[in-house]
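Chain letters run A, B, ... following the sequence lines, proteins first, then strands; residues in each count from 1.
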Number of protein chains: 2
Amino acid sequence: MFSRAEENYLKAIYHLEQQIQGEVSTNAIAERMDTKPSSVTDMVQKLAEKEVLSYKKYKGTLLTPNGRKIAANVIRKHRLWEVFLVEKLNFQWDEVHEIAEQLEHIQSDELVSRLDRFLGNPDFDPHGDPIPDKHGNVKRTEKKLLSECDKNQRGVCVGVKETSAEFLQYLDKRKISIGTKIKVLGKEFFDGSMIIQVGGDQFFVSQKIAENLYVQTN
Amino acid sequence: MFSRAEENYLKAIYHLEQQIQGEVSTNAIAERMDTKPSSVTDMVQKLAEKEVLSYKKYKGTLLTPNGRKIAANVIRKHRLWEVFLVEKLNFQWDEVHEIAEQLEHIQSDELVSRLDRFLGNPDFDPHGDPIPDKHGNVKRTEKKLLSECDKNQRGVCVGVKETSAEFLQYLDKRKISIGTKIKVLGKEFFDGSMIIQVGGDQFFVSQKIAENLYVQTN
DNA sequence: TTTTATTTTTAGCCTTGTCTAAATATAAGG
DNA sequence: CCTTATATTTAGACAAGGCTAAAAATAAAA
Ligand SMILES: [Mn+2]
Ligand SMILES: [Mn+2]
Ligand SMILES: [Mn+2]
Ligand SMILES: [Mn+2]
């Protein structure tokens with residue numbers, strides 16, 4: 001078994017591995033976990049003992065297949081609980097992350113399996129992120145940032161990069177959620193801002209917005 | 001805020017206070033929590049500092065009103081989650097306790113409030129135990145043990161004293177659950193055994209069974 | 001009322017997970 | 001290639017929560 005702290009480290013390293021493709025540095029983990037690098041060194045050495053990651057001094061770490069599976073399972077639980085909170089308890093999508101951070105550590109495979117079924121075996125969480133299956137496999141979809149779209153391109157919102165309540169509430173205000181159709185009406189190359197069409201409305205979005213919204217175009 | 005360990009102590013002391021009416025001894029807490037008395041002394045002194053219980057050396061402890069409220073809230077969460085597991089995820093009533101032991105520590109008043117509503121504001125958990133309200137008040141019902149019933153008396157099963165999986169599964173086998181009507185057909189004073197009627201069936205129950213089943217007669 | 005048994009507390013130690021301060025490796029600049 | 005800057009690790013400490021062994025208080029017996 002892995003403690004709550006260990007699970008959180010594995011999850012953080014899993015996410016960092018995807019972002020930066022390759023060894024994850026001690027400082028990167030410390031920053032993400034909001035702890036000190038010295039604490040990370042300690043924990044990473046312990047996790048290496050447990051064979052869930054490989055570690056060489058000063059060289060960074062990489063999850064082992066087993067470590068990756070454990071991390072994916074924590075993420076699976078996090079996202080399933082988020083679906084539960086939004087779909088069944090009617091939370092807003094910007095309110096669920098903190099609670100899911102707690103629920104993701106509940107240990108019971110049977111519970112996860114039944115929860116999954118109860119929710120209708122969802123593929124994505126309320127933020128558009130894919131839910132790993134019980135073996136830790138993730139169905140990756142080709143998505144890109146709205147900022148990478150060209151003028152006149154159409155897409156469907158499939159996720160967010162930034163997940164702060166402020167950003168999610170901004171999207172709510174503009175009636176943008178997972179599944180919303182978006183068309184790029186114009187793009188300003190100087191500052192990366194865009195004019196987009198959403199339903200009947202058309203409005204301006206800054207580059208900061210466009211860089212944090214994932215769309216699927218095809 | 002109270003840690004998971006602190007919450008578990010408060011809950012244990014709350015339950016012991018009800019059983020033994022009065023100060024709870026260090027040894028009693030240790031036995032219930034499956035820890036050593038010395039550990040209990042440490043924790044009880046810390047909780048006295050936090051004003052959730054009163055403690056005088058060698059004299060035992062009593063919860064303060066605030067401590068009682070905190071304990072009742074943990075129990076509220078435990079029992080609400082048990083209802084969720086049985087009613088929504090179709091667990092058997094003998095399978096839910098361990099998982100609820102974990103879920104009872106999830107911290108979010110909003111979550112509890114929404115869960116309560118989602119479940120239809122239940123008054124009792126799957127074992128017939130009352131669910132405290134958000135202020136920590138418990139609706140006590142007059143119930144008695146089946147063993148205290150006389151011949152020809154009728155009652156409705158409203159709860160169990162023992163909650164082991166073995167006992168609950170025994171009841172399942174005999175088609176006895178919360179709400180089941182029971183009639184005492186005969187009672188053997190020598191060994192406390194009974195013949196009871198449940199639905200169409202009538203069968204023998206030992207004193208041990210009769211002493212662990214609560215019924216409401218009126 | 002002594003003596004013995006039981007309960008409770010204290011003292012000291014351990015593990016987990018964190019921190020700060022200091023030491024050491026690696027990276028970057030000149 | 002040498003020197004400074006940055007990243008990383010080590011050493012030592014601490015708080016939470018547990019344990020064992022010993023001491024002290026209380027309860028029970030003689
Ligand atoms: Mn989340
Ligand atoms: Mn999410
Ligand atoms: Mn229970
Ligand atoms: Mn119960």
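Between the CG atom of B:L10 and the P atom of D:dG17 there is a distance of 11 Å, rounded to whole Å. Rounded to an integer number of Å, the gap from B:Y9 OH to D:dA16 P is 14 Å. Protein atom CD of B:Q45 is 14 Å distant from nucleotide atom C1' of D:dG17, rounded to whole Å. Between B:D34 atom CG and D:dC19 atom C1' the separation is 13 Å, expressed in whole Å. Regarding B:E6, its CD atom lies at a distance of 10 Å from the P atom of D:dG18, rounded to whole Å. Spacing between atom CE of A:M43 and atom P of C:dT15 amounts to 16 Å, rounded to whole angstrom units. One can place CD1 of A:I29 at 13 Å from C1' of D:dA7, the figure rounded to the nearest angstrom. Between B:E7 atom CD and D:dA16 atom C1' the separation is 15 Å, expressed in whole Å.
For the pair B:T26 (side chain) and B:P37 (backbone), a donor-acceptor distance under 3.5 Å is absent. Judged by distance alone, with hydrogens and angles left aside, the side-chain atoms of B:K187 form a donor-acceptor pair with the main-chain N or O of B:C149 at under 3.5 Å. In this structure, the side chain of A:K161 does not engage the main chain of A:N212 through any donor-acceptor pair within 3.5 Å.
Place B:K59 and A:D42 on DNA chain C by their nearest nucleotides, and B:K59 ends up nearer the 5' end.
For the pair B:Y55 and C:dT8, the criterion of a side-chain N or O lying under 4.0 Å from OP1 or OP2 is not met.
For A:Y58, counting side-chain heavy atoms from C-beta on, the closest listed nucleotide (D:dG18, C:dA25, C:dC19) is C:dA25. Proximity note for B:S38 (side chain, C-beta onward) versus C:dT8, D:dA21, C:dC19: the nearest is D:dA21. Ranking C:dC19, D:dT8, C:dT8 by closeness to the A:N27 side chain, first place goes to D:dT8. Minimum atom distance to the side chain of B:K46 is reached by D:dA16, of the listed D:dA16, C:dT18, D:dC19. Among the nucleotides D:dT9, D:dC19, C:dT20, the one closest to any side-chain atom of B:K36 is D:dC19.
If you check every strand for non-hydrogen atoms under 4.0 Å, A:S39 touches a base. The residue B:T41 sits close to a base: some heavy atom pair falls under 4.0 Å.
Among B:K173, B:E166, B:R174, the one residue that satisfies the side-chain hydrogen bond (donor to acceptor under 3.5 Å, both in side chains) test with B:Y170 is B:R174.
Within the cation-pi definition used here (under 6.0 Å to the ring centroid, within 45° of the axis), B:K88 qualifies as a partner of B:F118.
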